[in-house]
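Start at 1 and go down the list; that is how both ligands and their atoms are numbered. Just so it is clear, the structure is predicted and the values come from calculations on it, not from any experiment.
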Amino acid sequence: MTGDIFGPDGLLAAWLTIVWGVAVYRLGRIGYAPSHKRLRRRIRGTLVFVALGSLMAAAKLAYDFSIWPDGWTDWRNKLILQAPLLAAPVALTLLLSVPRLWRASRLSRNETSDARPDGAFRRKVADPLAVVPVQAAAVGTCLVLYLSVFAAVPIGWPDLVVPLPLMALAAIGLWVRQKRRRRALGRLNWTLPPISVRAARGTLAAAIVAACLVFWVRGAAEASKLPDRIGMQDMQDMHEMHEMGAEGEMAGLSVAALTGPVVGEPDDKFELAAEKRQVRLASGAAVDAWTWNGQLPGPELRVKQGDLVQVTLRNKNIAEGVTIHWHGLDVPNAEDGVAGVTQDAVMPGQTFVYRFVAEQAGTYWYHTHQDSNEGVAQGLFGALIVEPKDEPVPEQQEMVVLIHRWSTDQGQRDAFGTQDGLERQTVAPGTTVRLRLINTANEPRKLNVAGASFKVAAIDGTDVNEPEELTNRRLLLAAGGRMDLSLAMPDRPVLLCAEEGSCEDGGGLLLTPDDQAADRPEAAGGPMFDPIDYGKPEPTPFGLDSHFDREYEMVFDRKLGFYDGHFSYMFTINGASYPDTPVFTVSEGDLVKFTVTNRSAAHHPLHLHGHKLLVLSVNGKAVSGSPWWTDTLDLGTGDSYEIAFRADNPGIWMDHCHNLQHASVGMMTHLAYEGITSPFLAGRGTVNHPE
Ligand code: C2O
Ligand code: CU
């Protein structure tokens, strides 16, 4: 129930089912052996598969236990499901079936090899105690396979309570059947029923199974369709809603009221027009792009901290609708730009005005949050840079690098902006360079800086406290995440490239000390940068020992199943997919802690809107360097993070995986403040599809 479905977990379960299936088939034929010789051979064949199946069951259990972290949820799953479904029947097989079959085979050696085993002998090998445990093990492996592939952790109630009684029922049924079979086999002149009868029986059984399957599959596909209307009220626990009504002076405050300053002359005014048009990358590859102002990526918005920013969005011709979300910037809820939660999607011909004060300096980005899986991939994004207010801007050369993967007429192309080859920039030696890296793609990217040492000056917009100089260190940039690098330009070329891409194929961003055609240095390699102990600690408003008003657990997992009518590889939050995912409720002022664990084989960049998250610990190790603030946190396989934030920005906030493809198959939920409601609806029957 963890890892890749097509990795050890699912594959072992599938092979287990096959091996035990064969064991059952072979076992069933022993009683019908025409001679003692054949009987012994059949017993031997069965025992070989039983031995193989037992070894594989042990491997599966060892694997499951080894990769499952501690915690009651996990133990519950292990104890209730794996132990009785897999371990128990296998143990009974080894204890009861194997010695009986072995004894029968030894006794058979005293008989004439060619003689047909008599009734007494046939009864012996058809003993339910010899047969049923093996059959039960096969049933158990089927259930384990089902749970490994179709259930996600934490396993929901039906999946938790159904398998055991089902197993017990199956065992009883098999027992009764085997007793009848033994009686029949024990009769003196018993022969197999004619082939026609057996074939008819087999076909009937297969038809019944197939009919049940079709019925079930169609029902599941239909049931998975997203509702016509999804409102926050439907998602939120009714109990919480009641509490909220009782508590609340805030009861019923609409997100639409939580705007930025409505009056006042803006310090910065921008217009962004959404428009579909074809744009070419540097290589000439064409993108059927969704653009802001006809540009790829959209124009860079650069403002000063404390500015009142006004952005007018106009949708020219994007039939799917658009919005603008200010990724990482904590704006008031009504300005957050999520279709169906904080506003309605802006349809062709319509406009929408966003107004907010840019409180936090740093590197951010903006993108559509309507149909975002498609819209962002096709280009509806751009950089949003907030320059610090009081500090004089240091003498430095800034470069903003948007790391994206485009689908073009020449296939997938990785690029920095639209540069999918090598870009040269001349930088005078001695210049301080600030590289603002923004990953706008769905996958984390591994980046390399060659030719110079550098500092990670900021993560997700927040400055690192006293960052140290790094040489030959690779960087993992979360999908949606940002890192600012700062380096002193040496008198030789410096290369920024992405692994499994520009590093290998001669591309990237090449800074050269003069406009001479300098050689491109080789990608540097080296260990991966880890923020956990980088920089110097400094006091934080809360930490591991704080008292938290709310503590939540969030488990990322995966399963196969139907999502919105389609059979999909789904990613789940606490076992469920949107809109069945749990909404996390907070009250204004709460100090909130989340423990987030990723049990699937994919990376999941966790992105919470409206709040900065402080990382407290990673896989049980406390953060010991600079305070590590983030808004987009990459979780690799098996990773577990403790993160905390102060609930100081009332509203209803998206909380989702920023692999937007994962979000589009249900990996999203909300953080909801008590007493806040949203008049906006998402779902099939509305224009709003935030994912
Ligand atoms: Cu950058 Cu909810 O997204
Ligand atoms: Cu994900």
Side-chain angles (χ1 to χ4, degrees), residues 2 4-5 152 297-298 322-331 333 335-343 345 363-377 379-384 402-404 438-444 460-461 477-482 554-559 563 568-574 576-578 581 596-613 630-639 641 649 651-671 682 688-691:
T2 278
D4 191 358
I5 289 173
V322 291
T323 65
I324 306 177
H325 167 60
W326 316 99
H327 183 117
L329 198 66
D330 303 338
V331 299
N333 197 219
E335 315 293 344
D336 197 44
V338 180
V341 180
T342 67
Q343 68 173 93
T363 305
Y364 302 95
W365 62 297
Y366 63 93
H367 62 79
T368 186
H369 222 305
Q370 158 77 355
D371 212 353
S372 56
N373 180 32
E374 175 139 42
V376 176
L380 282 179
F381 62 83
L384 169 61
L402 293 133
I403 300 151
H404 200 65
I438 307 175
N439 185 358
T440 60
N442 274 341
E443 302 288 339
D460 286 350
L477 190 56
R482 286 91 58 217
M554 217 173 172
V555 180
F556 295 158
D557 204 1
R558 87 294 177 276
K559 64 177 176 185
Y563 190 69
S568 320
Y569 194 123
M570 291 158 73
F571 292 100
T572 57
I573 299 176
N574 292 359
S577 301
Y578 173 81
T581 39
V596 196
T597 309
N598 176 15
R599 318 173 54 87
S600 75
H603 280 254
H604 299 295
L606 171 71
H607 174 50
L608 171 64
H609 290 204
H611 302 78
K612 275 269 177 279
L613 307 165
T630 174
D631 51 59
T632 317
L633 186 62
D634 185 72
L635 277 89
T637 304
D639 278 350
Y641 282 73
N649 196 3
I652 298 171
W653 302 97
M654 286 282 272
D655 188 6
H656 64 102
C657 175
H658 218 282
N659 182 323
L660 298 172
Q661 195 271 324
H662 296 178
S664 75
V665 287
M667 204 168 202
M668 59 182 190
T669 182
H670 297 96
L671 175 81
N688 298 320
H689 310 287
E691 69 287 0

Q. Is it true that His611 and His609 have ring centroids separated by less than 6.0 Å?
A. no

Q) Side-chain donor-acceptor pair under 3.5 Å between Ser372 and His325, yes or no? A) no

Q: Return the minimal non-hydrogen interatomic distance between Phe556 and His604, and the atom names on each side.
A: CD1-CB, 3.6 Å

Q) Quick check: does His369 put an N/O/S atom under 2.8 Å from atom 2 (Cu) of ligand 1? A) yes

(Q) One pair to check against side chain to side chain contact (heavy atoms under 4.5 Å, CB included): Phe571 and Tyr563. What are the steps and the verdict? (A) CA-CA 10 Å; Phe571 292 100; Tyr563 190 69; over 6 Å; no

Q | Angle subtended at atom 2 (Cu) of ligand 1 by His656 NE2 and His609 NE2, rounded to 10 degrees | A | 110°

Q | Aromatic ring proximity, centroids under 6.0 angstrom, His658 and Trp365 | A | yes

Q) Protein N/O/S atoms under 2.8 Å from the Cu ion (ligand 2): how many? A) 3

Q) N/O/S atom of His325 under 2.8 Å from atom 1 (Cu) of ligand 1, yes or no? A) no

Q. Does one side chain, of Thr630 or Asp460, offer a donor that lies under 3.5 Å from an acceptor on the other?
A. yes

Q.
Counting backbone and side-chain atoms alike, is an N, O or S atom of His658 positioned under 2.8 Å from atom 1 (Cu) of ligand 1?
A. yes

Q) Does any N, O or S atom of His367, backbone or side chain, fall under 2.8 Å from atom 1 (Cu) of ligand 1? A) yes

**Q.** Exam field: side chain Thr368 to backbone Thr323, donor-acceptor pair closer than 3.5 Å
**A.** yes

Q. When the ring planes of His367 and His327 are compared, do they come out parallel, tilted or perpendicular, using 30° and 60° as the limits?
A. tilted

Q. Strictly under 6.0 Å, is that where the ring centroids of Phe381 and His404 end up?
A. yes

(Q) Looking only at N, O or S atoms in His327, which is nearest to atom 1 (Cu) of ligand 1? (A) ND1

